[in-house]
2 protein chains.
Amino acid sequence: MSDQNATDDGRPGGSLAHRVPDLGALELLLAVARLGSLGAAAREVGITQPAASSRIRSMERQLGVALVDRSPRGSRLTDAGALVTDWARRVVEAAAAFDAGARALRDRRDSRLRVAASMTIAEYLLPGWLLALHAARPDTAVSLLAGNSAKVAELLLAGEADLGFVEGLTVPAGLDSAVIAHDRLIVVTAPGHPWARRRRPVTTQELAATPLILRERGSGTRQVLDTALGGLARPLIELSSTTAVKASAVSGAGPSVLSELAVGEELAMRRLVGIPVEGLSLHRDLRAVWPTGHRPTGPARELLSLTRG
Amino acid sequence: MSDQNATDDGRPGGSLAHRVPDLGALELLLAVARLGSLGAAAREVGITQPAASSRIRSMERQLGVALVDRSPRGSRLTDAGALVTDWARRVVEAAAAFDAGARALRDRRDSRLRVAASMTIAEYLLPGWLLALHAARPDTAVSLLAGNSAKVAELLLAGEADLGFVEGLTVPAGLDSAVIAHDRLIVVTAPGHPWARRRRPVTTQELAATPLILRERGSGTRQVLDTALGGLARPLIELSSTTAVKASAVSGAGPSVLSELAVGEELAMRRLVGIPVEGLSLHRDLRAVWPTGHRPTGPARELLSLTRG
DNA sequence: TCAGGGCATAAGCTGGTCTTATGAGCGACC
DNA sequence: GGTCGCTCATAAGACCAGCTTATGCCCTGA
């Protein structure tokens, strides 16, 4: 049980969970950074001071880095501690988004705002919106149902959802809509791919002629791409989830075309590289939708206003 | 100990750590999603099948949502499970970045590549680069030292670092450099601010006339802004860390000007809104630097090539 | 019909994290 | 100068989550 298990996505052995402090410890660290005292941080997260002291200490031992300078009149972060705290904040924020999403997924019934959203939006945008809504109206219980555009329309028309979100080129019949954001499809490759190194943009013709890793025909993403290329997209592999497509692209199987929402993280981490394409606008609107005539009111209106730039 | 502690950044009470499964559970869920079987996932993360079964079950109980469909010939994610898994992936990725950073911070000496970086780069970009480097060259031990531009230059010239990264308008004397990326400063406000609602862009004059939440004079960010405005930036508050500035802006204290690197997450979560500004280019280069004449070789060259688009 | 892979359950162990109780350093204030 | 109030550290014991091993049932394919 040393580190004989290297996962196939290239991470080091020994499982992250054994090398990264747990969420409670990271939250405690953030509280210490903000409040300048172990005891005050302990009170905030609802534990005793000795527990906080011990937890911070074991986190320092685990990371092998001194994080806080203790003194009889308080504790301040070391330089390394400040850096670690910033990294920790990202983990905690991702966890908060997870929590907001999971909460909405759980509270299926009896919630004041029932949202139906397409997968891409539910995956990448909704948790953030829910966090913002929660910050503005802490007592609004939200429930979430995810599906494709047709399913969203069905739920709205059956009165089983109050507000919907869809991406795509058309608005389902019977629904009014408002554009809330724009999404762009991006051509991406692994950093090792020849396209990642060339200087001039790829041409539309080249893109149409190159086999690509794609979602299945009929998916929103594929639809936009096919339309933009004139139905010519040539699949290298067809996969049924955005995640699978990304994984395949990251592993270097070939170029892919994905929503900028989906690849933001990968681009930042340089697991994927965006390839400029000449003269091609792979653009789609993200829309909020509701039954014709029933303008959103109350919490639905609140959420809607949060989503508009 | 119910939920009488609402933290001042608006998160719900009861501590995330009690509502979000720990990293080990999330990793396990990702493995189940990828491998399609609890047993196989258990083997991958190095535990027994009953442990995996129990852990997934307790995660489902905790979240109140069924995540996997078990069958005598394997397990598949439910629809909700797929969504949860995608959210979980973000948490795990943030944790992986944390780990990569912490690792580099620990291995001060005896590492094959010693990197010195300015705070902004160390905070936002370096963990991703380190992950990419680790994927490409798993056995390269990297150490990290963070400081301002002068400190980076000093470390490089003293031979205590092999490669540096700085942001700012000038390159320290004695160093060669290559531009690896561009950073833009963005004017941001909380979503409730009047600027977030207006249609026409803010003018340079308006910006110069408005008190802003800013880093202290002398910081890289402030330097670029002052230069762009002609030394006119008017501070509403001056704070000494990017984090503090962000927190203040999010809480609605006023408009701020921050690196797009720093506010990416906040923009996505809609805790902040980007405000277009007319006729102002708040642009700065991010550079890799090394002692004049000593072109990076070996691991340093490898890392450098990963950072260039 | 039997082997094998899948999952679930039960019993027992271990380790990490909490608590309470206490001590010790430093500063402010009467 | 004592005393209060804040800080953090240490020690001893309770508790619980998660692990392991052992076992059984279900389904499929040879």
Side-chain angles (χ1 to χ4, degrees), chain A residues 1-5 14-64 66-78 81 95, chain B residues 1-2 5 14-64 66-78 81 88:
Chain A
M1 184 174 282
S2 56
D3 54 353
Q4 35 87 16
N5 58 336
S15 157
L16 276 182
H18 296 148
R19 290 191 318 262
V20 177
D22 66 48
L23 280 173
L26 298 182
E27 283 190 284
L28 177 62
L29 180 62
L30 295 188
V32 170
R34 181 151 32 85
L35 301 172
S37 143
L38 292 187
R43 278 192 298 280
E44 185 178 87
V45 306
I47 60 177
T48 58
Q49 171 268 319
S53 178
S54 140
R55 219 162 178 195
I56 295 284
R57 183 170 300 284
S58 65
M59 180 159 44
E60 289 178 312
R61 193 155 22 86
Q62 181 180 22
L63 298 178
L67 299 175
V68 306
D69 266 338
R70 292 125 167 113
S71 88
R73 0 177 251 299
S75 295
R76 282 186 50 75
L77 294 179
T78 61
Chain B
M1 185 175 282
S2 58
N5 58 337
S15 157
L16 277 181
H18 297 149
R19 292 193 316 263
V20 176
D22 66 47
L23 280 173
L26 298 182
E27 284 189 283
L28 177 62
L29 179 63
L30 295 188
V32 171
R34 182 151 31 86
L35 301 172
S37 142
L38 292 187
R43 279 192 297 281
E44 185 179 88
V45 306
I47 60 177
T48 58
Q49 172 268 317
S53 177
S54 142
R55 215 160 181 195
I56 295 284
R57 183 171 298 285
S58 65
M59 179 159 44
E60 288 178 312
R61 194 155 22 86
Q62 180 181 22
L63 298 178
L67 299 175
V68 307
D69 267 336
R70 293 122 168 114
S71 87
R73 11 178 242 299
S75 295
R76 281 185 50 75
L77 295 179
T78 62

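Just so we're on the same page: letters track the sequence lines, and every chain starts at 1. The figures here come from the full heavy-atom set of this structure, side chains too, leaving out hydrogens, waters and symmetry mates.
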Answer with base, sugar-phosphate or nothing: what part of the nucleic acid does B:S75 contact at a heavy-atom distance below 4.0 Å? sugar-phosphate
Separation between CZ of B:R73 and CZ of B:R76, rounded to the nearest 0.5 Å: 11.0 Å
Passing option when A:L28 is tested against A:D22, A:I56, A:L38 for side-chain contact (heavy atoms from CB on, under 4.5 Å): A:I56
Distance check needed: C:dC18 P versus A:Q49 CD, whole Å only. 12 Å
Could you give the NE2-to-C1' distance, from A:H18 to C:dG15, as a whole number of Å? 12 Å
Verify side-chain contact (heavy atoms from CB on, under 4.5 Å) between A:R19 and A:L16, making sure each step is shown before the conclusion. CA-CA 5 Å; A:R19 290 191 318 262; A:L16 276 182; 3.7 Å; yes
What is the nucleic acid contact for A:S71, judged by heavy atoms within less than 4.0 Å: base, sugar-phosphate only, or nothing? sugar-phosphate
Determine: side-chain N/O of B:T48 to OP1/OP2 of D:dT20, distance under 4.0 Å, yes or no. yes
Whole-Å distance separating the CZ atom of A:R76 from the P atom of D:dT7: 16 Å
Given side-chain contact (heavy atoms from CB on, under 4.5 Å), test A:V68 with A:E60 step by step and report yes or no. CA-CA 9 Å; A:V68 306; A:E60 289 178 312; 4.2 Å; yes
Return a single string for nucleotides 25-30 of chain D, one symbol per nucleotide in 5' to 3' order, where B is base contact, S is sugar-phosphate-only contact and - is none, cutoff 4.0 angstrom on heavy atoms. -BSS--
Can you pull out how bent the helix from C:dT1-D:dA30 to C:dC30-D:dG1 is, comparing the axes over its first five and last five pairs, to 10°? 10°
Looking at B:R70, does any N or O in its side chain come under 4.0 Å of the phosphate oxygens OP1/OP2 on C:dG6? no
Separation of C:dG16 atom P from A:R57 atom CZ, nearest Å, is 16 Å
What is the distance, to the nearest angstrom, from the CD atom on B:Q62 to the P atom on D:dG18? 8 Å
Please report the shortest heavy-atom distance between A:I47 and A:A52, naming the atom on each side. CD1-N, 3.8 Å
Here the distance between atom P of D:dT21 and atom CD1 of B:I47, to the nearest Å, is 12 Å
Can you measure B:L35 atom CG to C:dG6 atom P for me and round it to whole angstrom units? 10 Å
Across the strands shown, which category fits A:S37 at heavy-atom distances under 4.0 angstrom: base, sugar-phosphate, nothing? sugar-phosphate
Hey, does the side chain of B:E27 reach the backbone of A:A17 with a donor-acceptor pair shorter than 3.5 angstrom? yes
Would you name the heavy atoms of A:T78 and A:A66 that are closest together and state the gap between them? OG1-O, 2.8 Å
Taking for each residue the nucleotide of DNA chain D bearing the nearest heavy atom, is the 5' side occupied by A:P50 or by A:G74? A:G74
In whole angstroms, how far is the C1' atom of D:dC6 from the CG atom of A:L38? 13 Å
Determine whether a donor-acceptor pair (N or O, by modelled atom type, separation under 3.5 Å) exists between the side chain of B:S75 and the backbone of B:G36. no
Please find the pair of heavy atoms, one from B:A42 and one from B:T48, that lie closest to each other, and give the distance. CB-O, 3.5 Å
Using 0.5 Å steps for rounding, measure from the CG atom of A:L67 to the CZ atom of A:R57. 11.0 Å
Taking only N and O in the side chain of B:S53, is any of them less than 4.0 Å away from OP1 or OP2 of C:dC7? no
